[in-house]
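The first residue in the sequence is number 1, and the count goes up from there. We count ligands from 1, going down the list as the structure has it; atoms in each ligand are counted the same way.
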Amino acid sequence: MSRKKAAKGKAATSSPSAGSPTGKGTGKTARSSPGIVQMNGVVHPSRPSISNSSEFYDIAFKVMLVGDSGVGKTCLLVRFKDGAFLAGSFISTVGIDFRNKVLNIDGVKVKLQIWDTAGQERFRSVTHAYYRDAHALLLLYDVTNKTSFDNIQAWLTEIHEYAQQDVVLMLLGNKADATHDRVVKREDGERLAKEFGVPFMETSARSGLNVELAFTAVAKELKHRSMKDPSEKFKLQEYVNKEMKGTGCCRS
Ligand SMILES: Nc1nc2c(ncn2[C@@H]2O[C@H](COP(=O)(O)OP(=O)(O)OP(=O)(O)O)[C@@H](O)[C@H]2O)c(=O)[nH]1
Ligand SMILES: [Mg+2]
């Protein structure tokens, strides 16, 4: 297997860009980034170059984070990439951004190019353009926000419309650390996931709960599919159930 080199990830957390208000009166600040280009008030995604490479990899996949604004997509990515939590005021993502991370999956270097999308409605058409290139989608809701949970069905409809038919999909109930503010029970997440036949787990970008596992499970599934080795069976939900910490759900 030839070994390639990975592009360096770009910061998804660049400082707020002046003159890019977001949130329709919610007081949020827009987060601009090197991965996007803004023209005439419209956000145009620009494809990142993979020429400044530093890290070797064997296979590469695109993973997209989707879900309502504020569910914690950017925080989940930053936790996974840098092992840190973005505390402080909420800075809503503008358009789309990406980070790379190379994982060692059973001796194979798997590069994940992770696209962090803006959850706000006004960026939806930007996100649509990226769905078809995604090998995997992490669909998030916020366990402290019922609306974000209720919107999952609409997100799934969108995914079915724009994403590849065989896209790897996983539902994540984020902010599992926020015990006192929780309004969506873990069982509700499990039920919904079962209904749509999607693997599920709860995560916390704040505490780090299951964050590594979510990305590793997806990388394992994608690697398994690409190797096309019939002797090596991999079942995503079974793996997740075995490895999952903290919430102890979904064991069947
Ligand atoms: N308690 C808790 N708060 C979180 C967690 N993840 C994110 N947050 C908070 O939720 C808010 C939104 O987080 P973001 O990661 O910016 O949300 P987003 O989904 O990227 O939002 P958009 O970019 O607008 O789509 C921030 O104030 C975070 O600090 C978590 O796991 N637990
Ligand atoms: Mg964001």
Per-atom filter on ligand 1: closer than 4.0 angstrom to a heavy atom of N174 are 5 (C), 6 (N), 31 (O)

So that I can tick it off, tell me whether R225 and E221 are bridged by a salt bridge, with the cut-off set at under 4.0 angstrom between side-chain N and carboxylate O. yes

Is the NZ or CZ atom of K101 both under 6.0 Å from the centre of the six-membered ring of F80 and within 45° of that ring's axis? yes

Check A176 against L209 and note the closest heavy-atom contact, atom names and distance. CB-CD2, 4.0 Å

Quick check: does T74 have an N/O/S atom under 2.8 Å of the Mg ion (ligand 2)? yes

So between D177, L76, L86, whose heavy atom ends up nearest atom 2 (C) of ligand 1? D177

Close-contact set for ligand 1 against G119 heavy atoms, below 4.0 Å: 22 (P), 25 (O)

Ligand-side contact atoms (ligand 1) for residue partner T93, heavy atom cut-off under 4.0 Å: 22 (P), 23 (O), 24 (O)

So is D116 polar-close to ligand 1, meaning N/O to N/O under 3.5 Å? no

Per-atom filter on ligand 1: closer than 4.0 angstrom to a heavy atom of A205 are 6 (N), 30 (C), 31 (O)

Within ligand 1, which atoms have a heavy atom of S92 less than 4.0 Å away? 22 (P), 23 (O), 24 (O)

Using modelled atom types and a 3.5 Å cut-off, is there a donor and acceptor pairing between side-chain atoms of R206 and backbone atoms of D177? no

For G119, is there any backbone N or O sitting under 3.5 Å from a side-chain donor or acceptor partner on R124? yes

Is the closest N or O pair between S89 and ligand 1 shorter than 3.5 Å? no

Going only through I, L, V, M, F, W and Y residues with side-chain contacts under 4.5 Å, is there a path from L65 to F85? no

Proximity winner for atom 21 (O) of ligand 1, if only heavy atoms of A118, G67, A176, G70 are counted: G70

Which atom of A163 lies closest to which atom of L137, heavy atoms considered: CB-CD1, 4.0 Å

Whether F61 and H135 hold their rings parallel, tilted or perpendicular, with breakpoints at 30° and 60°: perpendicular

Going by distance only, is there an N or O of F85 that falls short of 3.5 Å from an N or O of ligand 1? no

Please list, in number order, the atoms of ligand 1 under 4.0 Å from a heavy atom of T74. 15 (O), 20 (O)

Smallest heavy-atom separation, L112 atom then L103 atom, equals CD1-CD1, 3.9 Å

Under 2.8 Å from the Mg ion (ligand 2), is there an N/O/S atom belonging to T117? no

Is G72 in polar range of ligand 1, meaning some N or O pair under 3.5 Å apart? yes

Tell me the closest heavy-atom pair linking C75 and L86, and the distance in Å. SG-CB, 3.8 Å

Quick one: which ligand 1 atoms are inside 4.0 Å of a heavy atom on K73? 15 (O), 17 (O), 18 (P), 19 (O), 20 (O), 21 (O), 22 (P), 25 (O)

